[in-house]
Amino acid sequence: MRLLPFVVLMSAVIALTAGTALTLTPDGRPEPLLALFSGNLPPIERELLWQLRLPRQLLAFTAGALLAAAGGAIQARFKNPLAEPGLIGISGGAALSAALALQCGLPTPWVPLAAFGGGLAALGLTSLMSRPGTDGDRLILAGIAVNAIFGSLLTILIATLPDGSLRTITFWLMGSFANADWPQAERFVIAAPILLWLLFREWRLLNALQLGAATAFHLGFDVRRGGARVVLLAALATALVVSHCGMVGFVGLMAPHLARQLVGSHARRLQIAAPLLGGWLALLADWLAHSLIYPAELPVGVITSLAGAPFFLWLLWQSNRRRRHA
Amino acid sequence: MLEARRLTLRRGERALIDDLSLTAACGELTLIVGPNGAGKSTLLSLLSGLTPPTSGDLRLAGRDVRTLSARDLARLRAVVEQEPGWQPGFNAAELVMMGGYLQGGSRNGWREAMRLMQCDALAKRQLETLSGGERQRVHLARALWQLMSSGESQRFWLLDEPTAALDFGLADALLAEVRALAQTLRLGVVAVVHDLNLAWRHADQILLMESGRGAAFGPPGEIMQKDRLEALYGVRLAELISHDEQLRAFVPLAEPRTRD
């Protein structure tokens with residue numbers, strides 16, 4: 001599919017999803033979309049819409065887009081279709097670090113920075129364990145180990161909190177957009193386009209890296225420095241999301257893959273298509289999390305993992321099949 | 001001119017490339033031959049600047065490779081590896097265009113590179129639908145476009161076993177094309193090949209390698225001596241010469257001898 005029809009189609013799908021989710025009444029009945037514009041909404045509903053649902057949707061969409069762009073970039077950097085910010089440890093490190101920062105009473109604006117540091121530290125550990133620059137499956141294995149370590153430490157940390165409630169644990173481990181407010185949404189609406197643009201600008205390098213590090217070098221790219229830049233940007237995007245929304249797994253894996261099936265591997269198209277798909281997936285997952293067992297709410301990561309884990313297995317099966325046929 | 005002087009690459013105690021010197025001129029086809037494990041691909045990796053030598057001197061167009069950035073190096077040489085990487089979801093034209101990413105060059109120049117490599121009909125095909133040989137040609141066009149768009153006067157095309165995925169007719173045709181391109185575009189081509197007869201037929205110069213060292217270097221007529229090749233490959237050879245003495249071929253015979 002060409003990029004322009006894809007963007008038009010995706011925009012329509014996103015608008016439809018957002019519109020439906022926006023107008024979902026508290027008892028789960030969808031309100032007709034037109035009521036939104038007719039001015040007939042009761043004040044409480046209007047308040048709900050503008051102060052809760054809209055910032056929540058903006059947060060979900062931009063967070064999903066950032067995770068997808070980071071996933072696409074990481075997959076190209078390590079020439080590994082199974083890589084994603086969560087699987088190679090960035091998310092785990094970022095979550096632990098953010099929780100630590102919160103516990104130490106760091107002011108809120110510093111939490112994303114702490115998450116960023118934690119994400120990078122985890123990534124450094126993963127690379128160290130899998131030898132730097134390797135393309136293969138070792139990176140994933142090392143990432144799983146690092147994630148397990150950070151996940152356990154996070155659970156210990158939360159369990160030792162004086163009011164360590166189950167809610168906080170699930171927020172960090174399974175992710176949620178339920179705490180969204182306007183200041184958060186504004187931060188994302190400003191930061192996301194900048195990060196997405198910076199990642200998009202690397203499309204030539206991302207294309208070259210998909211041929212392998214040696215070929216990228218032969219084409220004239222400084223692989224070490226360029227690769228580090230891409231990973232830093234991906235870590236920054238992931239850390240931003242994790243520090244505000246917890247670990248929303250698998251969006252960074254699923255969205256770039258679906259995008260690749262639809263618009264091909266060219267990074268100039270992929271880094272536009274994947275964020276659109278990622279944003280939509282997060283929006284959809286959040287809506288399902290919000291409405292499936294209404295009035296209770298599921299953590300959004302439960303939905304993304306429920307869809308993402310089988311997707312991951314399917315990818316593994318596909319790559320095995322390809323290897324057998326090669 | 002590509003000038004390698006006393007190149008050595010050590011890994012621990014072992015010398016993978018040992019005190020090897022080589023010069024390759026623009027407009028000429030220099031072929032590297034030798035038995036498996038002689039260090040041919042390692043040498044090409046050194047010449048490409050990917051692997052830095054332990055000692056020795058390497059100059060491309062008079063410039064010391066150690067002082068060149070990846071980008072500057074890419075203007076002077078393009079490389080096609082033995083098994084060049086590729087990814088499903090790209091078409092052939094998109095792969096070829098990557099050759100010009102950092103160089104600029106004319107907007108549609110990549111088409112000319114594809115035409116010269118006779119793969120322009122494949123431009124819109126997805127890489128996963130191409131055969132190994134077709135994909136090899138697309139990679140050759142990608143590297144050719146890198147050189148065509150560079151604007152340097154001396155440029156080098158380094159190819160690691162470009163004929164590996166081809167049947168013997170196609171392999172012969174490809175080397176003839178590469179040599180013709182070397183002459184018309186004034187490219188210095190250094191390529192690794194396995195087939196002695198192809199090397200004999202197409203090379204301007206041959207480097208014969210043995211255990212990381214240069215066993216002999218010069219024009220094919222001087223290098224391709226039956227006794228020398230028998231000793232190098234550890235196999236008895238029959239030498240066939242056509243009536244007009246224009247063509248020569250070596251045929252390996254059974255019962256390999258032990259190498260001395």
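Letters A, B, ... mirror the listed sequences (proteins, then strands); counts begin at 1.
Put simply, of B:A143, B:G99, B:G89, B:S45, the one with the most heavy-atom pairs under 4.5 Å next to chain A is B:G89. Put simply, of B:M97, B:H139, B:E81, the one with the most heavy-atom pairs under 4.5 Å next to chain A is B:E81. Of the listed residues (A:T215, A:D222, A:V223), the one with the most heavy-atom contacts under 4.5 Å to chain B is A:T215.
Remark: the B:D18 side chain and the B:T8 side chain contain no N/O donor-acceptor pair separated by less than 3.5 Å.
Counting heavy atoms from C-beta on, the side chains of B:E177 and B:M117 come closer than 4.5 Å. Proximity of B:V190 to B:L44: side-chain heavy atoms (C-beta onward) are separated by under 4.5 Å at one or more points.
Residues of residues 59-78 of chain B lying within less than 4.5 angstrom of chain A, judged on heavy atoms, are B:A70, B:R71, B:L73, B:A74, B:R77 in numerical order. Chain B is approached within less than 4.5 Å, heavy atom to heavy atom, by A:G264, A:S265, A:H266, A:R269 from residues 260-270 of chain A, ordered by number.
Of the charged side-chain nitrogens involved, at least one lies within less than 4.0 Å of a carboxylate oxygen, so that B:D204 and B:R179 count as a salt-bridged pair. Under 4.0 Å is where a charged nitrogen must lie from a carboxylate oxygen, and between B:E134 and B:R137 no such pair does.
Contacts between B:L50 and chain A at a heavy-atom distance below 4.5 Å involve backbone atoms as well as side-chain atoms. No part of B:L158 comes within reach of chain A, as not one of its non-hydrogen atoms sits under 4.5 angstrom from that chain.
At distances below 3.5 Å, not a single donor-acceptor pair connects side-chain atoms of A:Q75 with backbone N or O atoms of A:G72. Counting only distance, with no hydrogens or angles, the side chain of B:R125 and the backbone of B:T129 share a donor-acceptor pair below 3.5 Å. A donor-acceptor pair is defined here as one N or O able to donate and one able to accept, closer than 3.5 Å; such a pair exists between the side chain of A:T304 and the backbone of A:G249. Counting only distance, with no hydrogens or angles, the side chain of B:H202 and the backbone of B:L198 share no donor-acceptor pair below 3.5 Å. Here the side chain of A:K79 pairs no donor or acceptor atom with the backbone of A:L211 at under 3.5 angstrom.
Atom CD of B:Q126 has more than 12 heavy atoms from other residues, nucleotides or ligands within 6.0 Å.
A centroid separation of 6.0 Å or more is found between the aromatic rings of B:W145 and B:Y101.
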